[in-house]
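Note that the structure is a prediction, hence the values are computed from the model and not measured. Each ligand, and each atom within it, is numbered from 1 in the order the structure gives.
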Amino acid sequence: MNGYETFLKTDLMDFGAGDLGLIWESDPIKRKAVAKKILPAFSTKSLKAMEPIMHEYMDLFVTKMKQFGGKPDGLLMNDWVLWLATDMSADLAYNLEMQQMRDGKPSDLVTTLCGTSFVAMLMQLSKKLPLIALATPFFIPFKVLRKVPATLKTNSAQVKRRIDSRGKTRHPDFMDYMIHADGPPPSSKTDLIHMEQVALQLFIAGFDPVQIVLYASMFFLVKYPSTCATLTKEIRESFQIYEEMKPDSLGRLKYLNAFISEVFRVHLTVGTGMPRISPGATVDGVYVPTGVVCQVSSFTAMRSERYFRDPLEFHPARWLPQDHSLYDIKYADDNLKAFYPFGVGPRMCTGREIAWSQIRLFLGKVLWSFDLEAVSGHEKSFNRDFRVFVMWERPELYVRFLPARG
Ligand code: HEM
């Protein structure tokens with residue numbers, strides 16, 4: 001079939017909801033139909049229209065750090081970057097204002113979504129090893145089980161609210177591409193369920209990897225003070241005033257881009273791989289028979305000496321161009337093509353531009369405004385102390401935010 005994927009997604013994320021939305025849809029015809037509606041939401045024009053919302057949330061984060069971040073025991077980054085990423089993603093997905101940063105506490109929706117990570121891993125595993133399915137109920141805390149239907153109900157209610165407020169929303173969002181301002185509401189239960197599924201997926205896809213990268217950025221910044229000093233200097237010397245920092249202008253900073261790439265490489269976001277079913281094809285000279293499930297372990301690739309020198313170490317310099325003063329010839333033989341944090345091929349991340357914008361804005365605004373001070377958690381080791389189920393489990397990281405001294 002021309003124009004359709006050939007290596008199809010597996011049913012890894014099919015937990016029986018009845019509709020696989022966009023991201024988890026494995027049927028190429030159905031997926032193409034959804035993508036046709038949603039993908040324009042990720043165009044440059046649409047992202048420009050959403051940029052003010054990103055600034056709003058980043059500025060609120062900076063304000064909160066000014067208010068509370070200076071105390072000697074610092075602030076727990078695990079919470080604050082999660083609240084930042086989820087507040088922003090919910091608003092961009094369906095104009096939902098969760099106000100976790102404003103209120104300084106998590107919403108039930110986010111708490112439950114994060115709590116179900118281990119459950120989701122068990123459900124994925126049980127597709128490969130059916131015996132695990134029998135044991136799964138014994139591993140799921142009752143507290144979590146009880147909240148799952150409530151979470152889905154909250155999502156349905158928010159989608160209904162969004163449908164009812166079409167044409168009257170505070171700003172553009174991804175749902176604009178599912179329901180038009182002056183269009184009719186969904187005509188059937190099936191259409192409604194589909195819309196709920198897509199909204200939830202865009203919300204989750206829009207926050208989880210982003211909060212991982214924001215946490216990891218803070219972790220490496222306070223762990224490696226000289227890297228932090230280099231990046232801070234680049235940012236402060238590149239702008240006259242705070243308001244000049246935009247995704248485009250920040251995008252020109254070479255060390256910032258190198259730092260973010262190294263964060264992506266060392267602390268991978270997708271820990272579980274991205275399996276595909278072979279249609280019967282030759283890949284890199286090896287024939288993969290029809291029906292064989294194959295996947296590349298990007299985690300292994302990013303940590304392999306075959307592609308990167310000192311792979312377990314953190315060195316943004318490996319990403320710098322030759323004409324940069326901090327370019328290091330030591331990394332000249334790194335194979336940067338092995339790096340694909342957003343996947344490859346027709347199902348690669350459609351949100352990569354928005355993700356880069358958010359991460360650049362975060363680092364630019366934070367390092368412009370504050371001198372960071374490590375409090376605790378930074379002494380942990382990524383290789384020893386981090387674990388991944390479906391979502392990552394990371395050490396508690398406390399950071400102090402002191403006013404920038406220049
Ligand atoms: C650090 C940030 C991000 C990373 C590392 C990331 C990574 C990925 C990866 C690896 C995939 C492919 C999954 C697969 O093949 O199974 C993917 C898909 C996707 N991502 Fe992202 N993502 C990020 C941020 C975002 C954001 C902010 C959005 C906005 C909503 C987003 C929306 C999507 C969508 C819609 C897909 C599915 C594309 C499709 O199936 O057609 N992502 N992402």
Do the ring planes of Phe382 and Trp392 sit parallel (below 30°), tilted (30 to 60°) or perpendicular (above 60°)?
tilted
Is the Tyr215 ring parallel, tilted or perpendicular to the His267 ring (thresholds 30°, 60°)?
perpendicular
Once you measure the plane-to-plane angle for Phe259 and Phe314, does it fall in the parallel (<30°), tilted (30-60°) or perpendicular (>60°) bin?
perpendicular
Going by the atom numbers of ligand 1, which of them fall below 4.0 Å from some non-hydrogen atom of Pro341?
5 (C), 7 (C), 10 (C)
I'd like to know if Arg318 pairs up with Asp328 as an ion pair, taking the criterion as any Lys NZ or Arg NE/NH1/NH2 lying under 4.0 Å from an Asp or Glu carboxylate oxygen.
no
Run the contact test for Lys9 against ligand 1 with a 4.0 Å cut-off on heavy atoms, strictly below, and give the result.
yes
Fit a plane to each ring of Phe401 and Phe370, take the angle between them on a 0 to 90° scale, and name the class: parallel (under 30°), tilted (30 to 60°) or perpendicular (over 60°).
perpendicular
Got a salt bridge between Asp27 and Arg31, using NZ or NE/NH1/NH2 to carboxylate O under 4.0 Å?
no
Taking distance alone, with N or O pairs closer than 3.5 Å, would you say Gln358 contacts ligand 1?
no
Considering only non-hydrogen protein atoms, determine which one is nearest to atom 38 (C) of ligand 1 and report residue, atom name and distance to 0.1 Å.
Met348 O, 3.8 Å
Among non-hydrogen protein atoms, atom 23 (C) of ligand 1 lies closest to Pro209 CG, 3.4 Å
Around atom 42 (N) of ligand 1, find the nearest protein heavy atom and jot down its residue, atom name and distance.
Cys349 SG, 3.0 Å
Against ligand 1, does Phe174 come closer than 4.0 Å with any heavy atom?
yes
re atom 35 (C) of ligand 1, the protein heavy-atom contact at minimum distance is Thr350 OG1, 3.1 Å
Ligand 1 contact by Phe264, heavy-atom criterion under 4.0 angstrom:
yes
To the nearest 0.1 Å, how far is atom 6 (C) of ligand 1 from its closest protein heavy atom, and which atom is that?
Phe342 CD2, 3.6 Å
Neighbour count >12 (heavy atoms, 6.0 Å) for atom NZ, Lys254
no
